[in-house]
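Counting starts at 1 for both ligands and their atoms, following the listed order. Below, each value reflects all heavy atoms present in this structure, side chains not excepted, and no hydrogens, waters or symmetry copies. Positions are given from 1, in the same order as the sequence printed here.
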Amino acid sequence: MNQIAVAIDGPSGAGKSTIARKAAKTLGFIYVDTGALYRTIGLAVFRQNFDALNAQEVISVLPSININLKYTDNTQRVYLNDEDVSDLIRTPEISLFASRVSVIPEVREFLLDMQRNIAQKNNVIMDGRDIGTVILPNAKVKIFLTASDEKRAERRYIELCQKGVNTSFEEVLNDMRERDAKDASRSIAPLKKADDAVLVDTSELNLEQSINTVINIIRNAQNS
Ligand code: DC
């Protein structure tokens with residue numbers, strides 16, 4: 001039987017991961033957070049004291065990286081060479097490393113099959129930047145989830161504070177704008193709405209409304 005794939009793309013802080021995780025739980029799909037893969041490579045590069053802007057240094061780390069995603073109760077944990085790094089990859093520093101390594105074609109190639117294999121074996125809601133455009137161009141449902149800069153930074157700031165990360169709203173907003181600009185302007189797999197994706201702007205929606213909007217889009221597509 002063919003698996004159902006839902007691609008959710010959009011800028012950071014639009015609520016992709018929270019919305020996708022909850023929608024996946026309701027629908028019984030596996031939620032795949034692909035940003036965690038780029039973050040894990042960013043962490044590996046950081047630990048080597050390498051420069052994430054230096055493609056040769058980043059590429060030299062790839063052969064020693066083994067990334068595994070494990071799922072328990074629809075919760076994704078990411079392992080770097082058998083170490084659970086799910087929490088370590090969430091700092092602003094590693095966000096920047098992730099954004100930098102993600103422009104390198106060899107890094108995207110390294111992660112491509114991993115993402116496609118998961119979608120081949122499971123019903124997935126996969127979130128990222130290029131899922132609807134590059135990774136799963138034939139996804140049954142494509143959603144481009146966005147919100148205003150300020151709303152997105154505010155949400156990310158609250159999330160980081162709750163996790164005890166020491167930062168300021170301005171730092172989060174600036175980091176976010178820098179990453180958005182990089183993600184959208186890179187020549188390979190830029191952040192871009194697929195032509196056939198449904199646009200969902202969550203600026204004026206609360207979490208429950210956003211989740212329901214996404215679930216309704218998926219259910220309608222399943223029934224069509
Ligand atoms: O979604 P996130 O903030 O965890 O993603 C971290 C970085 O990884 C982000 O700057 C862009 C990059 N990324 C990507 O290029 N392609 C994806 N499918 C997911 C994330």
Quiz: residues 14-29 side-chain donor-acceptor pairs under 3.5 angstrom, not counting sequence neighbours:
unit_1 : atom_1 : unit_2 : atom_2 : d
Lys16  : NZ     : Gly10  : O      : 2.8
Lys16  : NZ     : Pro11  : O      : 3.1
Thr26  : OG1    : Lys22  : O      : 3.1

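- Considering only non-hydrogen protein atoms, atom 8 (O) of ligand 1 sits nearest to Tyr38 CB, 3.5 Å.
- Residue-level proximity to ligand 1 for Arg129 is carried by backbone and side chain together, each with a heavy atom below 4.0 angstrom.
- With ligand atoms numbered from 1 in the order given, ligand 1 contributes 9 (C), 10 (O), 11 (C) to contacts under 4.0 Å with heavy atoms of Asp183.
- Looking at Arg186 next to ligand 1, an N or O pair under 3.5 Å apart turns up.
- Salt bridge Asp149/Arg177: present, at least one basic N to carboxylate O contact under 4.0 Å.
- There is a side-chain donor-acceptor pair under 3.5 Å between Arg108 and Tyr38.
- Taking distance alone, with nitrogen or oxygen atoms compared against 3.5 Å, Lys16 stays at or beyond that limit from ligand 1.
- Residue contacts with ligand 1 for Arg39 involve side-chain atoms from C-beta outward but no N, CA, C or O (heavy atoms, distance under 4.0 Å).
- Using a cut-off of 4.0 Å between Lys/Arg side-chain N and Asp/Glu carboxylate O, Arg47 and Glu83 are scored as salt-bridged.
- Contact annotation: for Glu178 versus ligand 1, there are no heavy atoms closer than 4.0 Å.
- Polar contact with ligand 1: absent for Arg156 (N/O pair, distance under 3.5 Å).
- Looking at Ser102 against ligand 1, only its side chain comes within 4.0 Å, counting heavy atoms.
- Residue Ser95 places no N or O, backbone or side chain, under 3.5 Å from any N or O of ligand 1.
- Protein heavy atom nearest atom 19 (C) of ligand 1, with residue, atom name and distance: Thr34 OG1, 3.4 Å.
- Sequence neighbours left out, the pairs with a member in residues 203-215 that pass side chain to side chain donor-acceptor pair (under 3.5 Å) are Asp201-Ser203.
- A donor-acceptor pair is defined here as one N or O able to donate and one able to accept, closer than 3.5 Å; such a pair exists between the side chain of Thr91 and the backbone of Ile94.
- Ligand 1 lies out of reach of Lys182, whose nearest heavy atom is not under 4.0 Å from it.
- Residue Ser99 approaches ligand 1 through these ligand atoms, each under 4.0 Å from one of its heavy atoms: 10 (O).
- Between Asp87 and Arg77 there is a salt bridge, since at least one side-chain N of the basic residue sits less than 4.0 Å from a carboxylate O of the acidic one.
- For the side-chain contact (heavy atoms from CB on, under 4.5 Å) with Ser99, the qualifying choice from Arg39, Glu178, Lys182 is Lys182, the only one to do so.
- Crowding of Gln222 atom CD: a count of heavy atoms from other residues, nucleotides or ligands under 6.0 Å exceeding 12.
- For ligand 1, the atoms sitting less than 4.0 Å from at least one non-hydrogen atom of Arg179 are 3 (O), 6 (C), 7 (C), 9 (C), 10 (O), numbered in the order shown with element in parentheses.
- Among all protein heavy atoms, the one lying closest to atom 16 (N) of ligand 1 is Arg108 NH2, 3.0 Å.
- Each of the following atoms of ligand 1 lies closer than 4.0 Å to a heavy atom of Gly128: 17 (C), 18 (N), 19 (C).
- In this structure, Arg90 pairs ionically with Asp33, as a charged nitrogen and a carboxylate oxygen lie closer than 4.0 Å.
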